[in-house]
S.K.: 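My questions all concern the structure below.
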Amino acid sequence: MKDFLTRPAWIEIDLDKFENNMKIIKDKVGEKTEVMSVVKSDAYRLGALPLSQVSLDLGINYYAVATLSEALSLRKKFDEVNILILGYTPRHLYEDAIKNHITLTIYSLNDALVLNELAGNLKEEAKIHIAFDSGMSRIGFMPSDEAKKEISEIFKLEKINVEGIFSHFAACETDPEFTDRQFKTFTNFIDELGELGCRFKFRHIANSHSVLFHDEYDLDMVRPGIIQFGYTDSDHLPEEFGLEEILSLKAQISSIREVKKGETVGYERFYKCPRDTKVVTLPLGYADAFPRILSEKIEVLINGKRCKQIGLICMDQMMVDATDVDCKIGDDVVLIGKQGDEEIKVRDICIHSGDCETSFITHFNRRLPKYYYKNKELVHVSKMD
Ligand SMILES: *Cc1c(COP(=O)(O)O)cnc(C)c1O
């Protein structure tokens with residue numbers, strides 16, 4: 001039984017659901033708009049390589065990451081796809097980026113000059129997207145005549161191919177007016193650049209929420225992140241579009257004991273049993289997924305029943321109250337996902353830590369092995385080695 005387990009706590013990823021999510025996103029934006037799959041931070045920790053293979057099989061050829069090392073890890077497996085680094089890349093990494101045909105984000109003429117010269121030396125062409133700051137105040141050219149001048153200078157550089165320009169929404173989920181203003185600032189800026197002869201194959205600004213709720217911002221390319229995995233950081237649920245959550249988090253019971261009324265459980269003697277209690281121990285803790293602030297706030301499913309977590313969550317273990325629940329050591333416990341008629345969703349959990357769904361899932365520790373299923377069959381395992 002479960003002889004594939006390298007430890008009795010693990011993540012299961014449903015590749016069929018992921019494939020379906022990607023199809024829904026592709027259909028939603030239509031043929032005229034390219035999907036750039038955002039797989040930064042190892043696809044929000046769910047595994048950039050196995051998931052991108054699914055996207056590639058659906059014909060998705062554009063991928064976005066945050067750092068050069070993430071880009072190179074994708075490049076090793078996929079020779080042909082286009083990979084954009086969305087963030088700042090320091091100059092000493094340019095050579096490696098150029099040699100591996102990684103597209104860089106640029107927002108200064110001086111950086112472009114350095115990149116151009118290096119590309120020339122390497123007898124290569126460097127592909128870039130220009131970042132534009134329409135109101136996020138993070139990275140990118142700010143709207144000004146000077147910025148336009150610099151960008152038109154970049155267009156003249158022989159070894160640089162300016163493939164795209166992008167901006168990023170600050171509050172697409174919560175502030176539609178500001179979002180619209182950002183969109184107009186962005187497209188006006190592009191129009192003015194057009195008057196200077198600067199044209200872009202890809203103009204893009206749409207993130208997950210925009211893809212679902214604002215077709216009018218799609219432009220030539222969209223950059224969905226969190227919705228690919230079936231989650232959202234907004235109050236609007238992605239289920240209404242047919243998107244499904246692709247992960248479950250499970251563990252096996254590692255110990256069971258009867259603790260008498262009045263005795264305590266765990267560090268700091270934080271939980272005092274109000275009655276004789278069946279305490280079940282699980283072999284995962286705050287180093288794996290559940291920050292300590294969630295202590296006594298979460299529930300888990302044992303034998304289809306909800307059980308309260310009790311005491312302070314430890315680094316590698318936690319205890320739950322399973323009084324009156326029939327169970328034994330080795331039984332599967334669901335911490336995220338379905339069991340019987342019950343379901344625990346990421347949003348039910350992270351609301352208690354004041355976190356958003358994106359932040360919560362990106363904090364899963366790599367030491368939690370991931371098992372990928374297709375047609376209910378285990379097809380791929382990814383574990384920390
Ligand atoms: C992370 C990120 C995205 C994807 O954001 P989601 O809200 O997860 O869709 C898109 N664009 C940029 C620049 C990002 O940093």
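In what follows, residues are counted from 1 in the order of the sequence shown.
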S.K.: Could you pull out the closest heavy-atom pair between Cys327 and Ile253, with the gap in Å?
M.R.: CB-CD1, 3.8 Å

S.K.: Could Lys272 and Glu296 be called an ion pair, given the rule that one side-chain N must be under 4.0 Å from one carboxylate O?
M.R.: no

S.K.: How far apart are the closest heavy atoms of Thr358 and Asp233, and which atoms are they?
M.R.: OG1-OD2, 2.6 Å

S.K.: So, do Lys159 and Glu125 sit near enough that their side-chain heavy atoms are less than 4.5 Å apart?
M.R.: no

S.K.: Please confirm whether the backbone N or O of Asn375 pairs with a side-chain atom of Asp16, one donor and one acceptor, at under 3.5 Å?
M.R.: yes

S.K.: Please check: side-chain N/O of Arg306 versus main-chain N/O of Val300, any donor-acceptor pairing under 3.5 Å?
M.R.: no

S.K.: Could you check, using the six-membered ring where one of them is a Trp, whether Phe166 and Phe132 have ring centers closer than 6.0 angstrom?
M.R.: no

S.K.: Please report the shortest heavy-atom distance between Ile313 and Ser295, naming the atom on each side.
M.R.: N-OG, 2.8 Å

S.K.: Going by an N to O cut-off under 4.0 Å, is there a salt bridge joining Lys99 and Glu95?
M.R.: yes

S.K.: I'd like to know if Ile351 and Phe360 are part of one continuous hydrophobic network [Ile/Leu/Val/Met/Phe/Trp/Tyr, side-chain heavy atoms within less than 4.5 Å].
M.R.: no

S.K.: Using modelled atom types and a 3.5 Å cut-off, is there a donor and acceptor pairing between side-chain atoms of Glu70 and backbone atoms of Ser41?
M.R.: yes

S.K.: Is Ile13 linked to Ile25 within one hydrophobic cluster, defined over Ile, Leu, Val, Met, Phe, Trp and Tyr using a side-chain heavy-atom separation of less than 4.5 Å?
M.R.: yes

S.K.: Looking at Arg91, I want to see if its CZ is surrounded by more than 12 non-hydrogen atoms of other residues, nucleotides or ligands under 6.0 Å.
M.R.: yes

S.K.: Check the hydrophobic clustering (I, L, V, M, F, W, Y; side-chain heavy atoms under 4.5 Å; chains of links allowed) and say if Met142 and Leu196 are grouped together.
M.R.: no

S.K.: In sequence, state the C-alpha distance, the side-chain angles, and the governing distance for His129 and Thr103, and then conclude on side-chain contact (heavy atoms from CB on, under 4.5 Å).
M.R.: CA-CA 7 Å; His129 285 211; Thr103 310; 3.6 Å; yes

S.K.: If you apply the rule salt bridge (charged side-chain N to carboxylate O under 4.0 Å, His left out), what do you find for Lys305 with Asp324, and how did you get there?
M.R.: CA-CA 10 Å; Lys305 299 205 174 60; Asp324 300 331; over 6 Å; no

S.K.: Might you confirm whether atom CG of Asp57 has over 12 heavy atoms from other residues, nucleotides or ligands at distances under 6.0 Å?
M.R.: yes

S.K.: Which residue pairs satisfy the ring pair (Phe, Tyr, Trp, His ring centres under 6.0 Å) criterion with at least one member in residues 41-95, sequence neighbours excluded?
M.R.: Tyr44-Phe229, Tyr62-Phe202

S.K.: Closest heavy-atom contact between Tyr372 and Ser382?
M.R.: CE1-CB, 4.0 Å

S.K.: Quick one, Ile24 with Asn20, criterion side-chain contact (heavy atoms from CB on, under 4.5 Å). Give me CA distance, side-chain angles, the key distance, then yes/no.
M.R.: CA-CA 6 Å; Ile24 290 168; Asn20 197 44; 3.9 Å; yes

S.K.: Nearest 0.5 Å please: distance from the NZ atom of Lys28 over to the OG1 atom of Thr33.
M.R.: 11.0 Å

S.K.: Any side-chain to backbone donor/acceptor pair from Ser208 onto Gly225? Under 3.5 Å, distance only.
M.R.: yes

S.K.: Looking at side-chain heavy atoms only, is the closest gap between Ser134 and Ile205 below 4.5 Å?
M.R.: yes

S.K.: Starting from Tyr271 and following side-chain heavy-atom contacts under 4.5 Å between hydrophobic residues (I, L, V, M, F, W, Y), which residues can be reached?
M.R.: Val259, Val265, Val279, Ile310, Met319

S.K.: Step by step, work out the salt bridge (charged side-chain N to carboxylate O under 4.0 Å, His left out) result for Glu19 and Lys23.
M.R.: CA-CA 6 Å; Glu19 181 181 359; Lys23 276 188 191 153; 3.7 Å; yes

S.K.: Identify the residue among Arg45, Arg367, Arg366 that makes a salt bridge (Lys or Arg N to Asp or Glu O under 4.0 Å) with Asp288.
M.R.: Arg367

S.K.: Ignoring hydrogens and angles, tell me if any N or O in the side chain of Glu173 forms a donor-acceptor pair with the backbone of Thr232 under 3.5 Å.
M.R.: no

S.K.: Do Met315 and Phe270 share a hydrophobic cluster (ILVMFWY, side-chain heavy atoms under 4.5 Å, transitive)?
M.R.: no

S.K.: Between Glu80 and Arg75, does at least one N-O distance fall below 4.0 Å, as a salt bridge requires?
M.R.: no

S.K.: List for me each residue that meets side chain to side chain donor-acceptor pair (under 3.5 Å) alongside Asn21, sequence neighbours excluded, and say none if there are none.
M.R.: none

S.K.: On a heavy-atom basis, which atom in Ile98 and which in Ala126 lie closest, and how many Å separate them?
M.R.: CG1-CB, 4.3 Å

S.K.: Would you please indicate if the ring centroids of Phe186 and Tyr217 are separated by under 6.0 Å?
M.R.: no

S.K.: Set out, in order, the CA-CA distance, both residues' side-chain angles and the distance that settles side chain to side chain donor-acceptor pair (under 3.5 Å) for Lys76 and Asn100, then state yes or no.
M.R.: CA-CA 9 Å; Lys76 243 196 209 162; Asn100 288 285; over 6 Å; no

S.K.: Please give me the minimum heavy-atom distance between Leu86 and Ile139, naming the atom from each residue.
M.R.: O-CD1, 3.5 Å

S.K.: Can you tell me which residue among Asp218, Asp220, Asp191 is in a salt bridge (Lys or Arg N to Asp or Glu O under 4.0 Å) with Arg203?
M.R.: Asp220

S.K.: Walk me through whether Glu245 and Lys338 qualify under salt bridge (charged side-chain N to carboxylate O under 4.0 Å, His left out).
M.R.: CA-CA 11 Å; Glu245 308 186 1; Lys338 290 184 183 150; over 6 Å; no

S.K.: Could you tell me whether Lys345 and Glu239 make a salt bridge, using a distance below 4.0 angstrom between a side-chain N and a carboxylate O?
M.R.: yes

S.K.: Can you list the steps and then say if His352 with Phe290 is a side-chain contact (heavy atoms from CB on, under 4.5 Å)?
M.R.: CA-CA 11 Å; His352 296 296; Phe290 298 90; over 6 Å; no

S.K.: Between Arg347 (side chain only) and Leu237 (backbone N and O only), is there a donor and an acceptor less than 3.5 Å apart?
M.R.: no

S.K.: Hey, is CG on Asp341 packed in by over 12 heavy atoms from elsewhere, all under 6.0 Å?
M.R.: no

S.K.: Inspect the contact between Arg181 and Asp175 and indicate whether a charged nitrogen and a carboxylate oxygen are less than 4.0 angstrom apart.
M.R.: no

S.K.: Going through the checks in order, is the salt bridge (charged side-chain N to carboxylate O under 4.0 Å, His left out) test met by Lys260 and Glu263?
M.R.: CA-CA 6 Å; Lys260 288 266 174 276; Glu263 290 181 4; over 6 Å; no

S.K.: Check each of Ile298, Ile302, Leu301 against Cys307 using the side-chain contact (heavy atoms from CB on, under 4.5 Å) test, and report the only one that passes.
M.R.: Ile302

S.K.: Is the closest side-chain heavy-atom distance between Gln228 and Ser37 below 4.5 Å?
M.R.: yes

S.K.: Is it the case that atom CD in Glu216 sees more than 12 heavy atoms from other parts of the structure closer than 6.0 Å?
M.R.: yes

S.K.: Answer yes or no: is there a donor N or O on one side and an acceptor on the other, between the side chain of Gln317 and the main chain of Cys314, under 3.5 Å?
M.R.: no

S.K.: Decide yes or no for Leu247 and Ile361: does some side-chain heavy atom of the first lie under 4.5 Å from some side-chain heavy atom of the second?
M.R.: yes

S.K.: May I have the step-by-step check of side chain to side chain donor-acceptor pair (under 3.5 Å) for His380 and Gln53, ending in yes or no?
M.R.: CA-CA 12 Å; His380 179 75; Gln53 182 64 59; over 6 Å; no

S.K.: Are any side-chain N or O atoms of Asp111 and backbone N or O atoms of Ser108, one a donor and one an acceptor, separated by less than 3.5 Å?
M.R.: no

S.K.: Test your reading of the model: is there a side-chain donor-acceptor pair from Asn207 to the backbone of Pro224, 3.5 Å cut-off?
M.R.: no

S.K.: Carefully, step by step, assess Val65 and Val38 under the rule side-chain contact (heavy atoms from CB on, under 4.5 Å).
M.R.: CA-CA 6 Å; Val65 294; Val38 178; over 6 Å; no

S.K.: For the backbone of Ile293 and the side chain of Ser353, can you confirm whether one donor and one acceptor N or O come within less than 3.5 Å of each other?
M.R.: no

